[in-house]
Amino acid sequence: MKLSSMFLHTLKEDPRDAEVVSHKLMLRASMIKKLASGIYSYLPYGLKALKKVEKVIREEMNAAGAQEVLMPAVQPAEVWKESGRWNVYGKELLRFLDRKGGEFALGPTHEEVITSIVRDEVHSYRDLPVNLYQIQTKFRDEIRPRFGVMRSREFIMKDAYSFDIDDQGAEKSYDAMFKAYERIFSRCGLRFKPVEADTGPIGGNYSHEFMVLASTGEDIILSCGKCSYAANLEKAEIAKPESLDLKQAPEGAPEKVHTPGVRTVEEVCGFLGVTAKDLIKTLIYSTDNGIVAALVRGDHDVNEAKLKRAAGCETLELADEGTIEKFTKAPRGFAGPVGLSIKKIADFGLLDAGQNVTGANEEDYHLKNVWLARDAKVDLVADIRNAQEGDLCPRCSGGTLGAIRGIEVGHVFKLGIKYSKAMNASYLDVNGDLKPIIMGCYGIGVSRVLAAAIEQYADENGIVFPVPIAPYPVIVLPVSITDEKVMGEAKRIYDELNSRGVDTLIDDRDARPGVKFMDADLIGVPYRITVGARGLNEGVVEVKERSSGTVEKIPLGEVVDYCLARVNV
RNA sequence: CGGGGCGUAGCGCAGUCUGGCUAGCGCACCUGCCUUGGGAGCAGGGGGUCGGAGGUUCAAAUCCUCUCGCCCCGACCA
């Protein structure tokens with residue numbers, strides 16, 4: 001491709017509303033263009049990069065035995081009502097009516113559609129297993145899109161769905177996808193980590209996320225320094241204590257203190273001169289299984305997914321002011337376990353606590369010297385808080401958890417029969433018995449992979465594309481386009497590289513060399529061949545490697561082979 | 001949805017508080033000269049009606065009301 005005719009308009013300055021490097025650089029490198037909040041066009045250079053990522057994904061998916069399909073972006077409400085998610089999915093599902101008043105939605109994911117296809121087409125165990133995937137535009141009406149295509153509303157996703165006759169088969173399918181994902185992200189040159197994850201509204205019972213490690217990531221990962229355990233914050237467990245008995249309390253009674261207007265943990269600490277660790281936070285939750293009080297140490301945070309499990313409920317949210325007053329007899333900020341008659345679930349972290357400060361269930365009063373074992377009847381002790389740095393590993397002995405940030409680029413789920421049961425996707429087994437198909441689903445955020453790669457591979461001069469996803473692995477840069485010798489040699493190298501299968505750019509713009517160098521750096525081309533009169537006199541050109549910055553002088557006759565050897569991975 | 005910030009040319013910004021000449025600067029773009037190994041220089045030029053609507057005023061980018069959009073923090077959500 002000739003830069004003189006390419007639709008590429010780079011920017012010198014950072015656009016104002018870009019925060020993270022990948023967003024800034026994708027805009028500056030003329031890869032994307034915003035149309036509305038969370039909705040982007042891909043310009044030629046960005047699309048080319050996207051296609052490279054897709055190519056890697058396709059190759060590995062096909063190699064793993066999956067077959068490509070393409071499903072509609074617009075989906076009728078009908079299938080969503082069948083699966084039961086029409087009423088569950090919430091505002092992220094963008095709904096609308098067609099001219100006849102029929103209800104439709106823009107697909108945020110395709111479990112319903114694929115399940116309806118497979119249930120019509122598959123009737124026998126002989127048709128299974130099967131794995132179908134697509135690469136397609138999804139729409140999720142995110143409450144707050146941000147960071148460019150990292151978290152956009154419209155985005156490109158590869159989603160695959162596996163169908164098996166039994167759990168053993170489903171396990172194999174899951175495993176095959178897990179391995180394919182490891183190959184995909186490795187080939188893209190990413191530093192990543194698979195972690196155990198919560199399943200969220202997609203459902204199912206087991207899942208892993210693939211996280212690209214980056215300080216700007218929105219997800220927090222906890223991983224053990226000693227063994228291979230790693231999990232998303234929402235899922236991360238904490239080592240189970242040896243005993244679930246509360247610490248024995250001495251004789252005595254809590255002492256009431258006047259704490260006017262003091263509500264938050266910080267305020268209480270400041271007012272009473274204690275630390276957050278000395279406090280017990282009492283959070284009142286409304287659930288489909290009644291009201292519960294969650295007790296955690298003042299410096300810990302409740303993990304709602306864990307609390308749901310412990311409380312045995314499906315839905316759960318922090319109680320509103322009125323509910324709190326009704327059950328604690330005090331406004332928000334003064335709840336405590338002593339004398340509280342609702343179900344109380346205490347966190348492991350409180351097992352060896354004593355002499356705590358808690359709310360008094362009375363406006364403007366707290367209690368000092370509270371011992372859970374003595375003063376409050378706790379119904380259950382469980383793991384209900386977020387893990388944090390320094391916590392003990394749940395899988396090995398002696399390991400501690402560290403926290404790092406990551407960008408979720410892939411997610412694999414075991415769905416079981418959630419959808420096949422709801423939507424009647426079944427098959428006849430060898431014995432002629434009708435059984436539900438066991439499903440799995442596997443997503444990769446294609447556009448997010450691109451953003452994550454740039455997040456991981458950039459420097460002060462711009463993008464540093466890894467070769468496998470570089471839109472163009474090589475750029476030929478003639479220092480002067482008016483020098484016929486220089487231009488002729490540049491053209492020759494450019495043509496030869498292209499004819500030998502290397503996507504190559506040539507900067508044939510009538511611009512000063514400095515401008516060309518800056519642009520080549522900005523757009524992140526891995527190898528730059530500089531052709532100038534100086535070098536030609538010695539019979540050489542210069543090849544600069546973007547990632548290391550090293551420059552080598554290569555004889556004219558060898559430069560094509562030199563590049564081929566570096567670019568064909 | 002709550003809090004904060006911002007909409008002036010393709011991009012980055014000044015001007016707004018304290019209304020008043022033809023709305024300005026840098027980058028990008030066009031023409032010419034000159035220059036050609038890390039964002040050159042000179043000269044000339046095109047492009048905006050100040051997010052939108054209404055109002056106040058002799059006069060509105062500037063003041064008032066409404067409205068739309070964008071960004072950040074949070075809540076929410078994968």
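Quick caveat: nothing in here was measured; it's all calculated off a predicted structure. So that the names make sense, note that chain A is the first sequence line, chain B the second, and so on, each numbered from 1.
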Check for me whether A/Arg95 meets the cation-pi criterion with A/Trp86, that is, NZ or CZ under 6.0 Å from the six-membered ring centre and within 45 degrees of the ring axis. yes
query = Taking N and O atoms by type only, does the side chain of A/Glu234 place a donor or acceptor under 3.5 Å from a partner on the base of B/A78?
reply = yes
Side-chain heavy-atom pair [X], [Y] within 4.5 angstrom cut-off:
X        : Y        : value
A/Ser83  : A/Met423 : yes
A/Glu111 : A/Lys418 : no
A/Val292 : A/Thr287 : yes
A/Arg85  : A/Glu112 : yes
A/Arg191 : A/Val212 : no

[N] [atom2] sits how many Å from [X] [atom1], rounded?
X        : N     : atom1 : atom2 : value
A/Tyr40  : B/C70 : OH    : P     : 10 Å
A/Met211 : B/A78 : CE    : P     : 15 Å
A/Leu27  : B/C70 : CG    : P     : 15 Å
A/Glu13  : B/C25 : CD    : C1'   : 12 Å
A/Leu8   : B/A28 : CG    : P     : 15 Å
A/Arg153 : B/C71 : CZ    : C1'   : 14 Å
A/Glu408 : B/A78 : CD    : P     : 11 Å
A/Asp17  : B/C72 : CG    : C1'   : 11 Å

- Task: Scan A/Lys34 against the nucleic acid and name what it touches under 4.0 Å (heavy atoms): base, sugar-phosphate only, or nothing.
- Result: sugar-phosphate
* To do: Pick base, sugar-phosphate or nothing for A/Asn232, based on heavy-atom distances below 4.0 Å to the nucleic acid.
  => base
Does [N] have a Watson-Crick or wobble mate here (both distances under 3.5 Å), and if so which one?
N     : answer
B/G47 : none
B/G2  : B/C73
B/C25 : B/G12
B/U18 : none

Could you go through nucleotides 73-76 of chain B and list every protein N or O atom that sits under 3.5 Å from one of its N or O atoms, giving the distance for each pair?
unit_1	atom_1	unit_2	atom_2	d
B/C73	OP2	A/Arg144	NH1	2.7
B/C73	OP2	A/Arg144	NH2	2.5
B/C73	OP2	A/Arg146	NH1	3.4

Between A/Phe178 and A/Phe210 (judged by ring centroids, cut-off 6.0 Å), do the two rings come close enough to count as a pair?
yes
Write down the distance separating the [atom1] atoms in [N] and [M], rounded off to the nearest Å.
N     : M     : atom1 : answer
B/C66 : B/U62 : P     : 16 Å
B/C70 : B/U65 : P     : 23 Å
B/C42 : B/G26 : P     : 11 Å
B/A43 : B/U35 : C1'   : 15 Å
B/G5  : B/G10 : P     : 27 Å
B/G54 : B/G45 : P     : 36 Å
B/G48 : B/C25 : P     : 15 Å
B/U57 : B/C76 : P     : 49 Å

Identify each donor-acceptor pair in which a side-chain atom of residues 544-553 of chain A lies under 3.5 Å from a protein atom, sequence neighbours left out, and give them as a table.
unit_1	atom_1	unit_2	atom_2	d
A/Glu545	OE1	A/Ser548	OG	2.6
A/Glu545	OE2	A/Tyr527	OH	2.7
A/Arg546	NE	A/Ile463	O	3.3
A/Arg546	NE	A/Asp521	O	3.0
A/Arg546	NH1	A/Asp459	OD2	2.8
A/Arg546	NH2	A/Asp459	OD1	2.9
A/Arg546	NH2	A/Ile463	O	3.3
A/Arg546	NH2	A/Asp521	O	3.1
A/Ser548	OG	A/Thr550	N	3.2
A/Ser548	OG	A/Thr550	OG1	2.8
A/Glu552	OE2	A/Tyr562	OH	2.8

Yes or no on side chain to side chain donor-acceptor pair (under 3.5 Å) for A/Asp159 and A/Gln136, after CA distance, side-chain angles and deciding distance? CA-CA 8 Å; A/Asp159 46 326; A/Gln136 203 242 24; over 6 Å; no
So which protein nitrogen or oxygen atoms get under 3.5 Å of nucleotides 3-7 of chain B's nitrogens or oxygens?
unit_1	atom_1	unit_2	atom_2	d
B/C6	O2'	A/Arg16	NH1	3.2
B/C6	O2'	A/Arg16	NH2	2.9

Problem set entry | Donor + acceptor pair across side chains of A/Tyr174, A/His208 (<3.5 Å) | yes
| said: Less than 4.0 angstrom between a side-chain N/O of A/Ser37 and OP1 or OP2 of B/C71, yes or no? | reply: yes
Expected string for nucleotides 33-45 of chain B under the B/S/- scheme (protein heavy atoms, under 4.0 Å, primed atoms plus P, OP1, OP2 as sugar-phosphate) is --BBBBBB-----
> According to the interplanar angle, ranging from 0 to 90°, do the rings of A/Phe185 and A/Tyr181 count as parallel (below 30°), tilted (30 to 60°) or perpendicular (above 60°)?
Replying inline: perpendicular
Side chains of residues 304-312 of chain A: which donor-acceptor pairs under 3.5 Å do they make with residues two or more places apart or in other chains?
unit_1	atom_1	unit_2	atom_2	d
A/Glu304	OE2	A/Tyr285	OH	3.2
A/Lys306	NZ	A/Ala236	O	2.6
A/Lys306	NZ	A/Asp383	OD1	3.2
A/Lys306	NZ	A/Asp383	OD2	3.2
A/Lys306	NZ	A/Arg385	O	2.8

Name every donor-acceptor pair, under 3.5 Å, that has one atom in a side chain of residues 40-50 of chain A and the other anywhere in the protein, sequence neighbours excluded.
unit_1	atom_1	unit_2	atom_2	d
A/Tyr40	OH	A/His23	NE2	3.3
A/Tyr45	OH	A/Ile523	O	2.5
A/Lys48	NZ	A/Asp503	OD2	3.4

